[in-house]
Each structure stands twice: as structure tokens, then as C-alpha cells.
Amino acid sequence: MTDNQQSSCCSCNGDDRHSDNLVSEVIPLAIITAIYILALIFNNWLKLAVWGWGEYIVLIPVYLLTGWEILVSAGKNIWRGQIFDETFLMSLATLCAIAINEVPEAVAVMLFYRIGEGFQEFSVQRSRRSIKSLLAVRPDNANLLINGEIKTMSPQLVNVGSSIVVKAGEKIPLDGEIISGTSQIDTSPLTGESLPRAVKPGEIVLAGTINQTGLLTIKVTKPFNESSISKILELVESAQSRKAKTEKFITTFARYYTPIVVSLAIAIALIPPLVNLGSFQEWFSRALILLVISCPCGLVISIPLGYFGGVGGAAQQGILVKGSTFLDDLAAVKTVIFDKTGTLTAGVFEVTKIVPHHHFNEAELIEIAAQIESLSNHPLAQAIREYYGDSPTETLIEDYQEIPGCGVKGKLQNRTVIAGGDRLLHLEKIDHPLCDVGGTVIHLAVDYRYAGYILISDKVRPDSVAAIEALKKQGVQKIVMLTGDNQTVADRLAKTLNIDEYYAELMPEDKVKQLEKLLSPDNRKVAFVGDGINDAPAIARADVGIAMGGMGSDAAIETADVVIMTDSPSYVSRAIAIGRKTRRIVWQNIGLAMGIKGFFIILGIFGLASIWSAVFADVGVALLAILNATRIFGKPVN
């Protein structure tokens, strides 16, 4: 691939341009191919038409249409001193074919090259990542409070020290301190914390989080460009810019192959006549035929076709790979890092254990909990009500109050019921046997006497255990979990899933720092699997960023290199298997192309191969490469 081609593939604008131009290039290429086929059919007539110039009049324009960019690129590279690449060999070989009156062969070489480039372009047109969705997450407006009136304006225009109002359901636009109001804050966009956080006056809230319930008045403590959401944007942008560029095999190969072929052709043209082994004209013709035979068009086609098969086969199995480069990276993955909430777990809470105390039994405890939590919108309350099943009677509750960050309190049939965390038990001075049960727990007390607790867990995805086992069977050396959840929850899940390492209570920037510590300096790639906006920086920074596409955020999906459309973590091992199989197929295609090419080069040196036989050999290589690439379709790769 030329420098111009590489630069265009490595920019978002270039990728958009290639994506738009790809369809527009198909029709002209089809027309050119049709003209070429007609020219071959009527070739004998064309050679006699227009005083013997008919073939040139028809085919030279076709040659220029298919090969003009290659000729120009070769000229520019020669001017810059970059002589020995595939464009130089293509240009020299086809011009030599024209020089010995083999115009159809010259056109065939350029046409096959263009077709191969088309396959390559199609396979990588979606490889560039975008952060447009992440930018869309940024709060657009802030409700500025001025003399008791609210004025809506851009967060960038709000000064530090100003007061803003955030209604229920709105994003908090700026970092600040709560002046008045209590609420539940969804911090998952920034921290990945699965539970909403209760907040009250005096506490700090961060931009990008979501106010769920109450009305908040907030004093701005940081300008927008220093807020949490802006830091995430900067992390994504810097992480993307630090991604290493993967060099194309054909370009590296051409650096050695081209000078060898050109030197060999010069030697064949000059040495045999000097030692009286034939005429100069005979050996010069063989040298020109050798150059034409040596064109790597079959190799150029076979490589992208293998990757195209890998990308297509992955898509057929519900895995979107945004470019052939990432298939190679998947094949080299030795460390897989998972986010917890929404990735290994479903982000949906369920009751997993009921432990009654004193004279209560499980049925009584869950019924009391469902009744006292019937007025709460908290996710844990919803999980209790779902487990209970029947609709609790709300009219039985008297003197109901919700205590921010602690739980709820009320009267059921003249009995005082308290439901909440360990902190609430201490506030109410209720004796209880355990403070740290190990996990997310709702303690209950009836008439200030401890009644037991209900353990609530984030649902582990059904195939998470199988996913970890499959990765270890594949030879993945280390499996790590990063989460914003607390140590107790993270430790329990890590043991359940047999994860090698875990790091808990992490902010997005902490995830990136921890990820960078795990990145390997050698070719052993690190993959990060996540689903939330808060995972976008880590997804961008990893060697291979993998997003859960079913329920994942748009930012994570747009930033990722690989998107799993089914939200199944077991598909991570399937993606790695597809990457490894694709790499095997590509190297098989390379070996096939090089073997056939080398065979015809030897025949060409001894004058036993015609140009057409070499061209048809290249076509055969392409067909075999297509058939080989299709092996990745049809059934799941494990």
C-alpha cells in the first residue's frame, strides 16, 4: 500500500471519503471490465483496425483508467526516493508489457490489482473509530439560577461559583457542590457503579452523571473544560492517537521483493548475451516477461480476501470487526480485561439470599420488605418487589420516610419497619449480628428489633463462567476485571468466575491507568471489554477495544474496534478464534500465491512460460484464495 493510501486509511476524514467513494467506484470498474472483456473477444479485429492501432486506441485508455493512480503514486514515490515498492513493480511490469506489444496483459494486471484494492478498501472502510456519540453525551445546557430566575445557557459559559438547577431526569452539566435538595444520582456513566448514589446538601456531584429523582441546586466548583465529562473526552482522543499503526504485509514484502525481481530481470537481460547464450533481443524479451510475471497482483488480492472473509464471517456470527487490522490484533491477544457491570453482569438486580432472624421466616421477611419498599423507586426496591411477585398494599404504610443514602422507614399495621443498609441500623441503634455481610444487602428491623437481611446481587450473565473458561482454554494468559463497584462485590464475583485479577472502586481515568500497566511491550495484545460511556477511554486505549453492542452505550460502540452484537461475553473467545483462523487463512493464501508465483518465475527465466499463462495463474490464485477465505463462513468458530 502506498503512503498516500496509508494516510487516507489512518484518518477519519479519509475513511469517510473512501466509504463514500467505494460505491461510486464499483460502476466505473464494472464498465471498464466489460470494455476489457469485449476487447479480448474482438482482439483479432482490433489488431487490424485503424491501420493496426485499434487495440491501442481501445485498451490504452482502459489501462490509464485502471492504472493511473498507481502510475502517479509510483512517480511520486520515485521523486521522494522510495523506489522499491509494489506500485513501482506494477508500473514497470505493465509498461514493459506494452513495450513488447502485450497490451491486454498489461491491462489485465492493472485491472486485477484494482479489484484486489477494492476488496481491501471494502474490508477496512469501517476500521476508523468515531467519538461522535461520546460528544453527544456531553450536556448541552445548564439551568443558571440568577436572582431567583432560571436562564438556560451553554455549560461552557457558566462561571465557577454560579448556581445551577438540575431537574429530575437531567444530566448534571458541571462539577459542583449541592446547595439544596436530595436525590439519587446515577453515576454509572462515569464510575460504572451499578447502584445509584444518594446525595444531599454539601456533597460533590460530577458532570455527566444523571439526577434521577429530586430537584437539586448546585454551586459550580469547576469550569466545564475541567469537568469529569471533559476529562473522558480528552482520554478517548489521546488514547486513540496513541494506537500503533500496523504496517501492511505487502508493503514490507515489496521492499525486498521488488529490488530482487528488478535486479534479476536486469541480470537476465544482460548476462546471457554477454556469455554468448543467445541474442540480446531474446533475453531482453524474457526479462520483460519476467517482470510481468513477477507482478504481485495475485498476492495483493489474496491477502485482503482472507481478511474480508474474516470480517464477513465474524459479522455472520454477530461480531462486528471494524477492519482487518483488528483481526490480527485479536489473534495475538494474551490478556483480556473485562468491565464488570453490563459486561460480565447484566446490570439487573435480583434477590439471591434471604436470611431471617428471631421468629421471622423467609416468606414473612420478603413480604415485609416488599411492602415497606412499595413506595420507593430505588433499583434495590424494585428487585425486592419483583422477587415477591404479588403487588404489596401501599395503604398499609403510615409515616413513610425515605432516608437518603440509608434506606426507608414506616409503619405497617402499627409496627415500625426499617429497611436499609448497615448505616441505618446504627443510626437507629438496632443491635444486629453482622455489619459486613459481603455484598449489596437490605437489613430489616421490626419494632426496632433485628429481623434479618436480604442479599441482592447484580445478575451474572448466563455465559460469563463459560466465557472465562473458553478464554483460558484458548491460551489467554491473564484475565482481569476492572470495576467501579466496591471491593466486596468485586471479590465475590472474581472468585465466582475464576478471574485471575481484579481492581475495584475505579474512576474512568483509573481504569485507563490500570490498563496501561497491563499493556505488553511485545506483540502480546491486550483486549478490553466494556459497555458504558465510562469504558470508552479504556476501550480506545486497549490494543483491541471490544464493546457489548446489544445494550452498550453508543460511545463505547463507536469507540470500539470490535462490537459484540449479542451482549454475550462468551463471544469474546469466539472473536479471538476468528482472528486466529483468519490469520492462518491469510498466511495460507500468501504461501499459495508465492508458491505459484515462484514456479512461473522459474518457467519464465527458461522461456517456458508466456505472459498469459502467468496472468491466468494469478486468476487461479485469486479463485483459490476466495474459496479458502469462505471456510470461515457457515458455522461458529470456537
So, do [X] and [Y] sit near enough that their side-chain heavy atoms are less than 4.5 Å apart?
X    : Y    : result
Y388 : E367 : yes
V572 : L471 : yes
K473 : S573 : no
P173 : I164 : yes
I499 : M481 : yes
I454 : Y387 : no
I337 : L518 : yes
L444 : Y453 : no

Go through the steps for Q184 and N211 under the test side-chain hydrogen bond (donor to acceptor under 3.5 Å, both in side chains), then give the verdict.
-> CA-CA 6 Å; Q184 296 285 331; N211 179 24; over 6 Å; no
Determine, step by step, whether V166 and N143 satisfy the side chain to side chain contact (heavy atoms under 4.5 Å, CB included) criterion, reporting the C-alpha distance in whole Å, the side-chain angles of both residues, the deciding distance to 0.1 Å, and the verdict.
-> CA-CA 7 Å; V166 183; N143 300 320; 6.0 Å; no
Could you list all the salt bridge (Lys or Arg N to Asp or Glu O under 4.0 Å) pairs where at least one residue sits in residues 344-355, not counting sequence neighbours?
-> none
Pairs in or reaching into residues 407-422: which pass salt bridge (Lys or Arg N to Asp or Glu O under 4.0 Å), with residues at least two apart or in two chains?
-> K409-E428
Exercise: identify the closest heavy-atom pair between [X] and [Y]:
X    : Y    : value
S162 : L144 : CB-CD1, 3.6 Å
V351 : I384 : CG2-CA, 4.1 Å
L515 : A538 : CD2-O, 3.3 Å
T483 : A490 : CG2-CB, 3.8 Å
P569 : R461 : CD-CD, 3.6 Å
F224 : P155 : CD1-CB, 3.8 Å

Ring center gap for H357 and H432 short of 6.0 angstrom = no
Is it true that H358 and Y450 have ring centroids separated by less than 6.0 Å?
-> no
Sequence neighbours excluded, every pair satisfying ring-ring contact (aromatic ring centres under 6.0 Å, His included) that has a member inside residues 144-163 = none
Qualifying residues under salt bridge (charged side-chain N to carboxylate O under 4.0 Å, His left out), relative to [X], sequence neighbours excluded:
X    : result
K334 : none
K472 : D500
K429 : none
E501 : K478

Looking at [X] and [Y], would you say the former's side chain and the latter's main chain have a donor-acceptor pair under 3.5 Å?
X    : Y    : value
T496 : R492 : yes
D543 : V526 : yes
D175 : L206 : no
D463 : S570 : yes
E516 : K513 : no

Taking NZ, NE, NH1 and NH2 as the nitrogens, is one of them in D431 or R449 under 4.0 Å from a carboxylate oxygen of the other?
-> no
Please test V529 against V336 for side chain to side chain contact (heavy atoms under 4.5 Å, CB included), starting from the C-alpha separation and ending with a verdict.
-> CA-CA 8 Å; V529 189; V336 177; 4.0 Å; yes
With sequence neighbours left out, the residues meeting side chain to side chain contact (heavy atoms under 4.5 Å, CB included) with V408 are I372, E373, Y400, E402, A419
Taking atom [atom1] of [X] and atom [atom2] of [Y], what is their separation to the nearest 0.5 Å?
X    : Y    : atom1 : atom2 : answer
F338 : L344 : CZ    : CG    : 5.5 Å
L519 : T335 : CG    : OG1   : 9.0 Å
D447 : T416 : CG    : OG1   : 5.5 Å
I368 : I366 : CD1   : CD1   : 10.0 Å
E177 : S163 : CD    : OG    : 10.5 Å
N159 : L157 : CG    : CG    : 8.5 Å

Side chain to side chain donor-acceptor pair (under 3.5 Å) partners for [X], two or more places apart:
X    : value
Y502 : D491
E203 : R197, K200
S376 : none

Cation over ring, R574 on Y571, under 6.0 Å and within 45°?
-> yes
How about E149: does its CD atom have over 12 heavy atoms from other parts shown lying under 6.0 Å from it?
-> no
Residue pair I172, I210: steps toward the side chain to side chain contact (heavy atoms under 4.5 Å, CB included) verdict = CA-CA 6 Å; I172 296 176; I210 300 171; over 6 Å; no
Trace of the side chain to side chain contact (heavy atoms under 4.5 Å, CB included) decision for M153 with V158 | CA-CA 8 Å; M153 62 172 55; V158 178; 3.9 Å; yes
Any side-chain hydrogen bond (donor to acceptor under 3.5 Å, both in side chains) involving residues 212-221? Give me the pairs, sequence neighbours left out, ordered by first then second residue.
-> S180-T217, S183-T213
